[in-house]
Amino acid sequence: MNRHTVFVAGKRFVLLSDDKEEYIQNLANEVSEAINRIGAENPTLDRRSSALLCALDYADDREKEKLRIKSLSDKAQPLIAQADKQSKQIRELKDLLAKKDEEIKKLTELNEKLKKDVEDAKKVQSVPQKTEVKNEQKTKNNFNDKKQKGYKPTRQYSLFENE
């Protein structure tokens, strides 16, 4: 604790405080000015009565400030509750967004894999088609070979033909 010497309404006081000297001096000057103002407005009052009226004035201001602070605090409570609720919703939405981003990433990877599989399947399909064409050509060639060698196709009979 520090010792501070101040003058209030012409009287010397020694105060003990952890606050800075400048702050204490400003308070003493403010109180001294308030006492002098009350004394000037009411010349019949002595210094002691002026000091008491000044103390009552400060006490009144203090109580009014307490009520104002309480009123503001009461008004702020619903807003604080709403802000807390919205903060919780924001956290939940961020979590959901992160999950959806992960899901999109997995689906994109799956899509790329499927595209690759389709391309691979197209490559595999294109090879057998060429082989089938060659087989068809061989079959035609074999049929033509048989024709050339004197092969005669036999007649097929139908059940619906007249005999």
S.K.: What I want to find out is whether D60 reaches K64 closely enough, with some N-O distance under 4.0 Å, to be called a salt bridge.
M.R.: yes
S.K.: Measure the CG-CE distance between L16 and M1 for me, rounded to the nearest 0.5 Å.
M.R.: 6.5 Å
S.K.: Please check if I35 and F13 belong to a single hydrophobic cluster, counting links between Ile, Leu, Val, Met, Phe, Trp and Tyr side chain heavy atoms closer than 4.5 Å.
M.R.: yes
S.K.: Is there side-chain contact between K105 and D101, with heavy atoms separated by less than 4.5 Å?
M.R.: no
S.K.: So does V8 get a backbone contact from the side chain of S32, meaning a donor-acceptor N/O pair under 3.5 Å?
M.R.: no
S.K.: Is there a donor-acceptor contact under 3.5 Å from the side chain of H4 to the main chain of D19?
M.R.: yes
S.K.: Quick one: which of N2, L27, V6 gives a side chain to side chain contact (heavy atoms under 4.5 Å, CB included) with L15?
M.R.: V6
S.K.: Once rounded to the nearest 0.5 Å, what's the spacing between atom NZ of K11 and atom CZ of R47?
M.R.: 11.0 Å
S.K.: Decide whether E63 and Y58 meet the rule of one side-chain donor and one side-chain acceptor closer than 3.5 Å.
M.R.: no
S.K.: To the nearest 0.5 angstrom, please state how far the CD atom of E33 sits from the CD1 atom of I38.
M.R.: 12.5 Å
S.K.: For E92, I'd like to know if atom CD has over 12 heavy atoms of other residues, nucleotides or ligands within 6.0 Å.
M.R.: yes
S.K.: Does R68 come within less than 4.0 Å of E65, counting only side-chain N to carboxylate O?
M.R.: yes
S.K.: Are K99 and D95 ion-paired here, with the side-chain N under 4.0 Å from a carboxylate O?
M.R.: no
S.K.: When you compare the side chain of K113 with that of K116, does any pair of heavy atoms fall below 4.5 Å?
M.R.: no
S.K.: If you measure from CD1 on I24 to CG on N29, what distance do you get to the nearest 0.5 Å?
M.R.: 11.5 Å
S.K.: Taking L67's backbone N and O only, do any of them form a donor-acceptor pair with S71's side chain (distance below 3.5 Å, no angle check)?
M.R.: no
S.K.: For E21 and T5, which heavy atoms make the closest approach, and how far apart are they?
M.R.: OE2-O, 4.2 Å
S.K.: Out of curiosity, does L56 fall in the hydrophobic cluster containing V31 (side-chain heavy atoms, cut-off under 4.5 Å, transitive links)?
M.R.: no
S.K.: Out of curiosity, E103 CD to L96 CG, how far, rounded to the nearest 0.5 Å?
M.R.: 9.5 Å
S.K.: Say whether, by atom type as modelled, one donor and one acceptor occur between the side chain of S73 and the main chain of I69 under 3.5 angstrom.
M.R.: no
S.K.: Check for a donor-acceptor pair, side chain of S87 on one end and backbone N or O of A83 on the other, with a separation under 3.5 Å.
M.R.: yes
S.K.: Any chance you could measure S50, atom OG, to L45, atom CG, to the nearest 0.5 Å?
M.R.: 5.0 Å
S.K.: Does one side chain, of N42 or R37, offer a donor that lies under 3.5 Å from an acceptor on the other?
M.R.: no
